[in-house]
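Data block below; observations after.
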Amino acid sequence: MTNHQDNGKSFELRQIGSSNDMPQPSGIRSYQIVNDGTDDQFVLYGYTRSIARTIITWIFIFLTVGFLRLVFYWKPHWFVRCYCTRADLAVAQYVLLKDRYQQWYVETVLKVDPNLNPNDPNDSRNFTPANRSRYGHFSDQQETDDRAVHRYFVNKRWHYVWQETEYKFTKLLGVENNVKCDYFSQIRPLTVEERAHKKIIYGENSIGLRLTPIFRLLIQEVLSPFYIFQLFSCILWFSDEYVTYASCIVFITVVSVIITLREVRKNERALRDTVHQSEVSTVIIYNPETHEEEQRDIISEDLVPGDVIVIRSSSMMQCDAVLLNGNVIVNESMLTGESIPVTKVQIPYYQSSADHPGLDEPFSISEHNRFILFSGTSVIQTRYYGAGEVRGVVIRTAFNTAKGELIRSILYPKPVDFKFNTDTYKYVGGMAIIALGGMIFSLVMRIIRGEPAGVIVKRTIDVTTIAVPPALPAALSAGLAYAQNRLKKMNIFCISPRSINICGSVNTVVFDKTGTLTEDGLDLQCVVPITRSYDATNTMEKIEFGSQTTEVTDLNWRDEEAHSMIIVCMAACHTLTRINGELAGDPLDLKMLAFTQYELYEPAENEQANFDMLFPTIVRPINSPNNIAPPPGRLSGSVSSLIAGNIPFEIGIVRQLPFSSSLQRTSVIVRILAKDSFDLLTKGSPEKIAELSRPETIPKNFNEVLSTYAKQGYRVLAMAYKPLELNYVKIQRIEREKIEHNLIFLGLVIMENRLKPQTEGVLKVLSNANIRTIMCTGDNMLTALSVARDCDMIPDDAKIIAIEATESDDTPTFTYAQVYNRRVKEVRYDQSSHRLIELDRRTPYHFAISGKSFQVVREKHPELLRRLCVRGTVFARMLPEQKQQLIETLQELG
């Protein structure tokens with residue numbers, strides 16, 4: 001962090017953004033690449049106005065009776081190139097942007113003075129553009145003559161500021177940029193002066209959307225090439241006395257325009273009402289004179305990055321903030337669609353050291369999202385030790401937040417219909433060429449026949465109105481409006497009506513499994529614990545899976561430690577909590593807790609007072625057995641004996657390590673009452689838990705048993721634990737990677753995931769429409785294949801070929817799924833040419849691949865990736881980013 005002193009005022013400036021250095025001739029930089037490697041990447045060109053070019057351009061506009069200006073309206077980048085000259089970005093008045101989809105944008109470079117008084121409307125320097133904005137962090141060493149004025153432009157609600165030292169425009173980011181995790185442990189609240197300057201730099205924290213004036217919407221609609229051609233045709237028909245037909249076209253056009261404007265305005269108003277929110281926030285202010293902190297209530301629009309705020313229950317986050325202390329339970333359904341409560345934990349408060357190298361790594365939104373409260377999420381409950389206030393530091397505001405990015409994706413969607421538009425213009429262009437030929441033929445023939453000049457002009461031009469139907473725009477608009485109403489009756493809402501046009505060209509639909517093809521809830525089918533056999537000397541001889549258990553009372557928890565610990569793991573390894581007295585959390589966790597016949601107990605009713613205790617959350621049996629003497633022998637002092645003993649059996653959850661899709665597991669650290677040590681409880685995917693467990697604790701037939709259940713379509717979870725010989729302080733500080741290894745395997749939990757009643761019918765309708773269906777899930781491969789068979793996504797007579805590739809041996813191998821030691825006859829991979837060769841085109845087959853293999857194929861075998869996406873049906877153990885990559889690859893393939 002760098003503090004600059006300017007006229008006695010201190011404010012934070014930070015170098016932010018990303019862009020490639022692009023050496024250019026003569027020391028002039030007139031273009032650069034911004035947001036390199038992202039979906040928002042674009043090339044930026046600098047232009048400045050030329051008086052001579054402007055005069056010449058307007059002369060030609062006058063000579064063409066305004067038609068050239070109309071062309072420039074359709075192609076604004078042509079207009080800029082006509083009346084401007086290329087210029088160095090440091091002095092450019094306009095910037096021309098070309099994105100990765102070949103779309104052009106023209107933006108004006110604006111200026112702002114960061115030293116003005118934001119509260120003084122009479123300050124002559126207080127310049128604010130019509131579109132209120134956040135202004136960027138600026139260069140640390142910008143000491144030019146006009147240093148009081150900083151330059152920026154706005155594109156798609158994001159701001160890009162000129163960095164003098166870097167000599168380039170950079171994207172505005174928040175205070176989370178280029179900091180390490182331990183930065184947040186040293187942060188202090190902002191002073192009044194610092195907040196005032198940040199308000200000038202960042203502007204208003206608002207995602208408010210203004211309604212586009214009706215007149216502007218009308219102009220945008222009627223100045224499209226189709227409507228201009230229609231206007232021209234109607235004028236021609238009226239002059240040629242086609243009054244009735246022309247009047248009908250005018251009437252239809254007016255009605256279609258009114259309907260279109262009405263739908264657009266309705267959608268704008270609905271989106272505005274949905275996203276616009278404002279609340280009163282409590283901000284901590286630092287007084288540099290007294291060195292004390294004070295609280296002030298402000299409206300959320302006045303929040304700026306760097307503000308330390310108080311997080312309160314039953315509130316809505318209006319910014320992205322890092323949690324500085326305590327725990328917060330939030331509902332992120334607005335961002336993720338999942339209504340399951342999510343627990344956010346405080347960012348580590350201790351200093352980084354050699355024992356904790358992770359804290360020296362740069363802070364990342366994606367990697368450290370468990371510490372972040374995102375804008376748009378609802379705060380359900382807050383907790384903190386010592387009955388103190390839960391605090392967070394604002395890192396992003398307005399359209400830079402998670403909610404802002406979501407709204408941007410709605411306002412500026414990817415041009416998925418780009419090819420459709422291109423084909424439309426190709427069609428019109430082709431018809432125009434035919435019309436031109438017809439015009440020439442008609443002109444020659446009428447001249448030969450000696451017809452009057454007026455008739456020749458009318459009849460010749462009339463040929464174009466036959467080749468290109470003038471009623472086409474009206475027909476398209478009416479069709480879109482009718483289609484929207486039909487969709488609305490089925491509770492399907494469209495925010496981009498133009499997308500309806502391409503629905504008929506959809507040829508692939510990708511489904512998730514759990515909650516989409518299958519029911520949201522899972523039924524606990526059974527528990528398969530491990531059992532250990534001992535010889536006469538109490539030496540363990542063999543570990544194997546026990547029999548299926550459908551009732552907790554059937555588990556031999558008095559004599560078998562693994563049975564008692566699997567009960568403890570199922571009862572305590574979760575992120576469940578009580579909200580208003582009701583249990584809330586993942587339905588799977590709720591099912592497990594109910595199976596164990598345990599209850600979740602939070603002793604203090606006051607939510608903050610919970611942390612006055614060592615264990616804020618306690619899990620205990622609903623009906624604890626009492627007055628049972630502990631069994632003699634080797635289990636004395638174990639969990640089994642504690643459960644059966646006279647002491648009330650309670651499990652205190654000391655620390656939660658939330659689920660991570662990349663780690664494929666969730667863990668908690670608990671302390672069992674009357675036990676001297678802590679325990680780590682872990683559950684997750686069987687493959688990952690087996691990888692982290694001690695080999696000697698895993699039954700030899702692990703893979704066979706797992707495959708048996710997966711082939712039947714069950715969802716399988718594995719359980720493990722590990723005693724921890726650490727004190728309470730180290731338990732709170734240690735990184736999860738340091739302890740989540742050398743686990744003791746406990747067994748499997750089998751969950752039944754039934755197909756939704758409508759799944760088979762929907763897939764059949766898609767299949768009859770020749771629309772391909774794909775399953776992309778984070779679940780086990782065999783489970784996914786079983787579900788794919790059950791719902792007829794893969795026919796019974798089709799073969800499934802699994803593709804495997806590893807980092808160590810990236811050569812892809814092909815095997816029949818669920819069938820081993822058989823050579824695949826349908827395809828062969830040529831290693832020399834990196835091409836997939838089909839040997840048998842007659843036999844139907846489907847590819848299946850896991851997330852790890854998908855990543856290797858994507859990075860090292862791009863040709864195979866394309867064939868995989870064409871013939872692949874099941875993609876299992878896929879991470880969220882891999883799912884996105886699959887969708888993007890399918891879109892590229894068309």
Side-chain angles (χ1 to χ4, degrees), residues 181 322-323 325-330 332 340-350 355-359 361 363-364 366-373 383-385 565-566 568-577 585-586 588-589 592-593 600 610-611 614-619 651-672 677-693 717-746 749 778 879-880:
C181 289
V322 170
L323 191 59
N325 55 22
N327 285 5
V328 176
I329 300 173
V330 298
E332 295 184 338
I340 298 172
V342 178
T343 300
K344 299 291 183 175
V345 297
Q346 68 182 40
I347 197 163
Y349 58 87
Y350 43 88
D355 294 333
H356 307 290
L359 295 178
E361 296 177 358
F363 179 79
S364 168
S366 58
E367 294 294 329
H368 301 102
N369 56 16
R370 63 187 181 277
F371 308 134
I372 302 174
L373 304 171
R383 294 174 173 174
Y384 181 49
Y385 293 95
M565 282 306 300
I566 202 170
V568 171
C569 194
M570 293 176 66
C573 188
H574 52 66
T575 56
L576 298 177
T577 188
D586 193 313
L588 185 148
D589 293 334
M592 287 192 186
L593 183 64
L600 186 74
N610 285 343
F611 272 72
L614 183 61
F615 310 120
T617 302
I618 293 173
V619 178
I651 308 167
I653 300 176
V654 180
R655 182 183 173 191
Q656 294 174 333
L657 304 173
F659 174 78
S660 168
S661 57
S662 60
L663 299 178
Q664 299 180 22
R665 62 184 182 272
T666 183
S667 299
V668 295
I669 300 175
V670 301
R671 177 81 175 268
I672 298 175
S677 61
F678 295 93
D679 290 293
L680 172 73
L681 308 177
T682 303
K683 71 179 179 186
S685 70
E687 300 90 342
K688 178 57 68 175
I689 298 301
E691 178 185 327
L692 298 174
S693 298
L717 293 178
M719 301 283 177
Y721 85 106
K722 177 183 179 180
L724 299 176
E725 300 298 331
L726 300 172
N727 60 36
Y728 182 81
V729 175
K730 289 185 177 181
I731 286 294
Q732 293 295 336
R733 295 185 176 185
I734 195 167
E735 293 178 334
R736 65 187 302 173
E737 291 78 9
K738 302 275 186 176
I739 54 177
E740 288 180 327
H741 61 87
N742 290 330
L743 305 177
I744 299 174
F745 189 79
L746 292 173
V749 177
L879 301 177

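The first residue of the sequence shown is numbered 1, and numbering continues consecutively from there.
Val749 and Met719 make their closest contact through CG2-CE, 3.6 Å (heavy atoms, listed as atom of the first residue, atom of the second, distance). The shortest heavy-atom contact between Ala572 and Val670 is CB-CG1, 4.2 Å.
Applying the side chain to side chain contact (heavy atoms under 4.5 Å, CB included) rule to Asn325 yields the partners Gln346, Tyr384, Val390, Arg391; only residues at least two apart in sequence or on another chain are considered. Evaluation of the salt bridge (Lys or Arg N to Asp or Glu O under 4.0 Å) rule for Glu687 yields Arg877 as partners, not counting sequence neighbours. Taking Arg736 as the reference, Glu740 meet the salt bridge (Lys or Arg N to Asp or Glu O under 4.0 Å) condition, with sequence neighbours excluded.
Looking at heavy atoms from C-beta onward, Ser685 lies out of side-chain contact with Leu717 at the 4.5 angstrom threshold. No side-chain heavy atom of Arg665 sits less than 4.5 Å from a side-chain heavy atom of Glu691.
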Next on the checklist: Let's go through Lys683 and Ile689 carefully: what are the C-alpha distance in whole Å and the side-chain angles of both, what is the deciding distance for side chain to side chain contact (heavy atoms under 4.5 Å, CB included) to 0.1 Å, and is it a yes or a no?
Outcome noted: CA-CA 7 Å; Lys683 71 179 179 186; Ile689 298 301; 5.7 Å; no

Next on the checklist: Run Lys344 and Phe371 through side chain to side chain contact (heavy atoms under 4.5 Å, CB included) and show every step you take.
Outcome noted: CA-CA 6 Å; Lys344 299 291 183 175; Phe371 308 134; over 6 Å; no

Next on the checklist: Under the criterion side chain to side chain contact (heavy atoms under 4.5 Å, CB included), I'd like the reasoning laid out for Ser667 against Leu681: C-alpha separation, chi angles, the key distance, then a yes or no.
Outcome noted: CA-CA 6 Å; Ser667 299; Leu681 308 177; over 6 Å; no

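The closest donor-acceptor contact from the side chain of Lys722 to the backbone of Asn742 lies at 3.5 Å or more, if one exists at all. In this structure a side-chain-to-backbone donor-acceptor pair under 3.5 Å is present from Thr666 to Leu657.
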